[in-house]
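In what follows, a structure is listed as C-alpha cells, so that the remarks can point back to it.
Just so you know, these numbers come straight off a predicted model, no measurement behind them. Numbers for residues simply follow the sequence, beginning at 1.
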Amino acid sequence: MTSATRQHGTPAAALPARLIATDLDGTLLRDDKSVSARTVAALAAAEEAGIEVFFVTGRPARWMDVVSDHVHGHGLAICGNGAAVVDLHGGPGAHRFVKVRELARENALAAVRLLREAAPGTVFAVEQTYGFHQEPDYPKLHMEIPDTVLPAEELLAPDGPTADQPVLKILAYHPSLDPDAFLTLARLAVDGHANVTRSSPSALLELSGPGVSKASTLALCCAERGISHEEVVAFGDMPNDVEMLTWAGQSYAMGNAHPDAIAAASGRTVANNDDGVAVVIEQLLAGRG
C-alpha cells in the first residue's frame with residue numbers, strides 16, 4: 001500500500017480539509033493525460049464528504065476537456081496559472097469565465113522587450129481568453145494551430161489584431177537555455193512587469209500579470225467561500241505550483257516533482273502515475289471517520 005508522508009518537522013494542519021486544490025499535468029493526470037479510475041473515485045468521494053475540489057492549472061480553459069467528465073459540485077477551475085477562474089459545466093468549448101486577471105498590454109510589451117534584451121533568441125506566444133497567437137519562429141509546442149502569426153509587439157499593440165480580448169499570459173521559449181537558468185534570468189530581467197514561472201520540462205516560461213499566480217487566485221476564491229488557507233490541501237509538481245504549495249495548510253509534492261516544489265510542500269506523495277493525489281485523499285477521508 002502506498003502512502004503519503006509529511007516532511008520532517010512540519011506539523012499537520014490543525015483544521016479539517018474543506019477544499020482540495022490540485023494541479024493537473026504531472027499531478028492529477030497520468031503521463032498519458034488520463035485520470036485513473038482510482039483518482040476519479042477519490043475526487044467523487046471528497047465531494048460527497050463535503051470537500052470542494054478545484055482544478056488549478058497552467059492550462060488554458062480550452063484544454064480542460066481532460067477533466068470535463070470529472071466535474072463535480074461547483075465545477076470551477078483556475079486556469080492559466082491564476083489568470084482566469086472558469087466554470088466547466090458547459091463542457092469543452094462552452095466554458096464561462098467567472099473571473100479574469102489579465103496581463104496589461106503595457107506590462108506585456110515591457111516584459112517582451114526586456115526578455116529579448118536579456119536572452120536573445122527568445123520567441124513568444126500570447127494566450128487570450130479565447131485565442132492563441134504566436135510569433136513566426138515560435139516552435140510547434142502546443143496541440144493547436146495559432147489564430148494569428150505576427151511579432152509579439154504587433155500582437156500586443158493596443159490597436160493590434162488581438163485587442164478585442166484580454167491577455168491572460170505570455171509564453172516565452174528559448175531554444176538553448178537551461179529551463180531553470182532561463183527562469184532565474186527572466187525573473188531578474190522582467191523586474192516586476194509580470195509574474196514569471198514555468199511548468200514545462202523545456203525552456204518555456206509563462207508570464208502573467210504582477211501578483212497573479214495559482215496561489216493568489218486560489219486565495220481569492222477561498223476568501224469568497226469563507227475558507228482559510230489552513231483548510232486547503234494542495235497538490236503540485238512544478239515551479240508554477242510553488243506559491244500554492246507554500247500557501248496551503250497541507251500541501252503535497254508528487255513523487256515526480258521538481259526540487260522547488262518538493263522544498264515548498266509540507267508533505268510528499270507518490271508519483272502521478274501511481275495516483276499520488278488519490279493516495280492522500282483516501283488517507284484524509286479515512287482520518288475523518
Side-chain angles (χ1 to χ4, degrees), residues 57-64 77-87 90 92-175 177 182-183 185-200 202-214 216-217 220 240:
T57 177
R59 285 178 173 240
R62 63 187 179 278
W63 289 6
M64 294 300 289
I78 294 172
C79 297
N81 290 327
V85 180
V86 182
D87 185 341
H95 302 129
R96 179 174 66 89
F97 284 86
V98 177
K99 187 191 303 288
V100 173
R101 304 181 69 196
E102 66 182 290
L103 172 60
R105 287 175 182 265
E106 58 268 30
N107 286 54
L109 286 165
V112 166
R113 175 179 57 80
L114 292 166
L115 261 182
R116 286 203 198 280
E117 294 172 358
T122 301
V123 289
F124 298 92
V126 178
E127 283 277 6
Q128 295 186 270
T129 43
Y130 294 102
F132 174 74
H133 317 274
Q134 68 176 57
E135 294 194 308
D137 292 335
Y138 189 85
K140 187 174 177 57
L141 300 172
H142 312 291
M143 57 181 92
E144 60 193 327
I145 298 172
D147 298 296
T148 315
V149 179
L150 285 171
E153 289 80 0
E154 294 183 39
L155 293 172
L156 295 168
D159 58 350
T162 69
D164 61 325
Q165 294 179 37
V167 175
L168 297 186
K169 67 178 181 178
I170 296 174
L171 300 166
Y173 176 80
H174 199 281
L177 287 176
F182 189 30
L183 177 60
L185 180 153
R187 284 174 169 169
L188 291 171
V190 168
D191 191 29
H193 290 287
N195 185 55
V196 187
T197 190
R198 78 176 188 89
S199 59
S200 170
S202 65
L204 177 66
L205 305 183
E206 301 160 67
L207 284 69
S208 306
V212 175
S213 68
K214 289 184 176 185
S216 63
T217 300
L220 291 173
N240 65 327

Which distance, rounded to the nearest 0.5 Å, do you find between the [atom1] of [X] and the [atom2] of [Y]?
X: R116; Y: E153; atom1: CZ; atom2: CD; answer: 4.0 Å
X: L109; Y: L114; atom1: CG; atom2: CG; answer: 11.0 Å
X: L115; Y: F182; atom1: CG; atom2: CZ; answer: 5.5 Å
X: Q134; Y: T148; atom1: CD; atom2: OG1; answer: 10.0 Å

Here's a test for you: under side-chain hydrogen bond (donor to acceptor under 3.5 Å, both in side chains), which of R59, R62, H133, K169 qualifies with E127?
R62

In S213, S216, S208, the residue satisfying side-chain hydrogen bond (donor to acceptor under 3.5 Å, both in side chains) with R101 is S216

Side chain [X], main chain [Y], donor-acceptor under 3.5 Å:
X: Q128; Y: Q165; result: yes
X: N107; Y: A194; result: no
X: T162; Y: L155; result: yes
X: D147; Y: F132; result: yes

Among L205, L188, L185, which residue satisfies the side chain to side chain contact (heavy atoms under 4.5 Å, CB included) criterion with V196?
L205

Passing option when V167 is tested against V100, L207, V126 for side chain to side chain contact (heavy atoms under 4.5 Å, CB included):
V126

What are the two closest heavy atoms between [X] and [Y], and how far apart are they?
X: E206; Y: S200; value: OE2-N, 4.4 Å
X: A83; Y: V212; value: N-CG1, 3.8 Å
X: P175; Y: G121; value: CD-O, 3.6 Å
X: L177; Y: A203; value: O-CB, 3.4 Å
X: T217; Y: G82; value: OG1-O, 2.6 Å
X: G211; Y: N195; value: N-CB, 4.3 Å

Does the side chain of L168 reach to within under 4.5 Å of the side chain of P60, using non-hydrogen atoms?
no

Would you mind reporting whether L220 and V85 have side-chain heavy atoms less than 4.5 Å apart?
no

Determine, stepwise, if the pair R187 / T197 fulfils side-chain contact (heavy atoms from CB on, under 4.5 Å).
CA-CA 8 Å; R187 284 174 169 169; T197 190; 4.0 Å; yes

